[in-house]
2 protein chains.
Amino acid sequence: MAAKRRQTAQQEHAADVATYVAAGGEESVQRVITAVYAVTKKLDQWYARQFADLDLSQGEWSVLAALARAGDTCLTPSQLADLSSVAPSSMTHRLDKMAGRGLLERRPDESNRTRILVSLTKEGWNLFSAAVRESNVVESDTLRGLSTSERHELARLLEIVIDGLDDIEA
Amino acid sequence: MAAKRRQTAQQEHAADVATYVAAGGEESVQRVITAVYAVTKKLDQWYARQFADLDLSQGEWSVLAALARAGDTCLTPSQLADLSSVAPSSMTHRLDKMAGRGLLERRPDESNRTRILVSLTKEGWNLFSAAVRESNVVESDTLRGLSTSERHELARLLEIVIDGLDDIEA
DNA sequence: TATTCGAATTTCGATGTCGAAAGAATAGCA
DNA sequence: TGCTATTCTTTCGACATCGAAATTCGAATA
């Protein structure tokens, strides 16, 4: 299968960068950004397949992950919509479905009755954990070409980028 | 605005990694993968805003980019659907709209009349170029914390990962 | 040649998402 | 207190997307 490929992923990536540069982008920028998106695109495809096994859409995954990352703190539908990059009105039905499956619970906020507090059930956390452990397999495989020190270096460089993300929109 | 932030992006990232590790992921893997997604998530939000100025949805952008990357080679709707990670049936209407705007042209394949060949018009390429040049601004800003040699190192490490992407699905 | 299988596109009904507006409750201020 | 502005959620209609079926054409085989 891989033998039939006309171009290696590397060559394809180089050609993509050349296209963006020809359109007016800077090479040192496009080389990095294009590479980042090449990786996430492949990962997204694998996630979609694996999540289908768990009866989980990408949208439902993002809700699960947001709640898991929040730990003990409950989140409101609006916060979940924001964290999931979706319109608040879309979150209503999504939460309905997930609550129906027993993955999360909703209860009114005692201190502010316009709000609803959403939290993960034990079953929801178990599904989150199962998804993480399954994903870790292909993620680990994705990084298998890097040594331990290279992984650290890659993480370090990306974290420098993350550090600067907050101050841009101005 | 940034002063009101409770956590830095860095701390948030560290907490996210800790959550994935607690759920069963490996730290050296999650640190990299989570960082990659933190970057693309922010970028996606900016793209969405900038593309709105150009009257361009993310889906339309992916078609534009796929055609631009293909250069002189025409692509079929099925290929575009594949490259855009969308169902072939969804591509029909998307191409209708874009052709209506004069961004692309469709013509039957003389050698195989079940196929349709899609190509970018001059106007389509101009819009692609405008989008690339606009995007390059925030992309460049995103990488401003990295020196030239660090950008090269980051690109090099990501390209190692890309090189291994093809041989995984087995 | 005739037939069957496969590939590419489109149509169709169901579902998910969006933006705008409505409804409910809080917060700030005279 | 009474009024206004704001926040949060949901409802609603419009549109995009999906998977399955239908259609059309090409390719392989008997």
Side-chain angles (χ1 to χ4, degrees), chain A residues 4 41 44-45 47-49 51-53 55-64 66-67 70 73-101 103-119, chain B residues 1 4 41 44-45 47-53 55-64 66-67 70 73-101 103-119:
Chain A
K4 260 202 285 185
K41 185 172 180 180
D44 282 340
Q45 292 172 1
Y47 291 151
R49 267 198 281 174
F51 289 174
D53 295 342
D55 236 327
L56 201 63
S57 72
Q58 304 241 21
E60 289 163 338
W61 159 255
S62 73
V63 173
L64 229 49
L67 287 170
T73 311
C74 289
L75 295 175
T76 68
S78 294
Q79 290 172 321
L80 285 168
D82 198 43
L83 292 168
S84 304
S85 299
V86 86
S89 59
S90 304
M91 193 52 65
T92 301
H93 185 240
R94 194 185 284 183
L95 293 178
D96 279 347
K97 260 188 68 179
M98 295 179 73
R101 270 178 75 180
L103 299 177
L104 49 84
E105 280 174 348
R106 285 176 295 187
R107 59 188 176 78
D109 184 345
E110 302 295 337
S111 69
N112 183 338
R113 278 179 297 175
T114 63
R115 287 190 200 169
I116 289 179
L117 296 179
V118 182
S119 59
Chain B
M1 206 51 82
K4 260 202 283 185
K41 185 172 180 180
D44 282 339
Q45 291 171 3
Y47 291 151
R49 266 197 281 174
Q50 295 193 328
F51 288 175
D53 295 343
D55 236 326
L56 201 63
S57 72
Q58 304 243 19
E60 288 163 339
W61 159 255
S62 72
V63 173
L64 230 49
L67 287 169
T73 311
C74 289
L75 296 176
T76 67
S78 294
Q79 291 172 321
L80 284 169
D82 199 42
L83 291 169
S84 304
S85 301
V86 88
S89 60
S90 304
M91 194 53 64
T92 300
H93 184 241
R94 194 185 285 182
L95 293 178
D96 279 347
K97 259 188 69 179
M98 295 180 73
R101 270 178 75 180
L103 299 177
L104 49 85
E105 280 174 348
R106 284 175 296 186
R107 59 187 177 79
D109 184 346
E110 302 294 337
S111 69
N112 183 338
R113 279 180 296 175
T114 62
R115 287 189 199 171
I116 291 178
L117 296 179
V118 183
S119 58

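Within every chain, numbering begins at 1; the chains are lettered A, B, ... in the order of the sequence lines, protein sequences first and strands thereafter.
Chain B approaches DNA chain D within less than 4.0 angstrom (heavy atoms of the protein), and the contacting nucleotides run 5' to 3' from D/dA16 to D/dG26.
Computed from coordinates, the B/R106 CZ to C/dA8 P distance equals 18 Å when rounded to whole Å. Put simply, CD on A/E60 is 14 Å from P on C/dT15, counting in whole angstrom units. To the nearest angstrom, C1' of C/dT9 lies 12 Å from CZ of B/R115. The separation between B/D109 atom CG and C/dA7 atom C1' is 13 Å, rounded to whole Å. Between B/Q79 atom CD and C/dA7 atom P there is a gap of 14 Å when expressed in whole angstrom units.
Annotation for A/A48 and A/Q58: closest pair CB-NE2, 3.6 Å, computed over non-hydrogen atoms. Minimum heavy-atom separation, A/R101 to A/E60: NH1-OE1, 4.0 Å. Heavy-atom minimum distance, B/A99 versus B/R106: CB-NH2, 3.8 Å. Considering all non-hydrogen atoms of both residues, B/R107 and B/C74 come closest at NH2-SG, 3.7 Å.
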Contact letters for nucleotides 16-23 of chain C, in which S counts primed atoms plus P, OP1 and OP2 and B counts the base, heavy atoms under 4.0 Å: SSBBB---
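Using a 4.5 Å heavy-atom cutoff, the side chains of B/D82 and B/M91 are not in contact. Within the 4.5 Å cutoff, no side-chain heavy atoms of B/S85 are placed close to those of A/D44. Between A/K97 and A/S57 there is no side-chain heavy-atom pair separated by less than 4.5 Å. Side-chain contact between B/V63 and B/L104: present, with at least one pair of heavy atoms (C-beta onward) separated by less than 4.5 Å.
Distances shorter than 4.0 Å separate some side-chain N or O of B/T92 from OP1 or OP2 on C/dT10.
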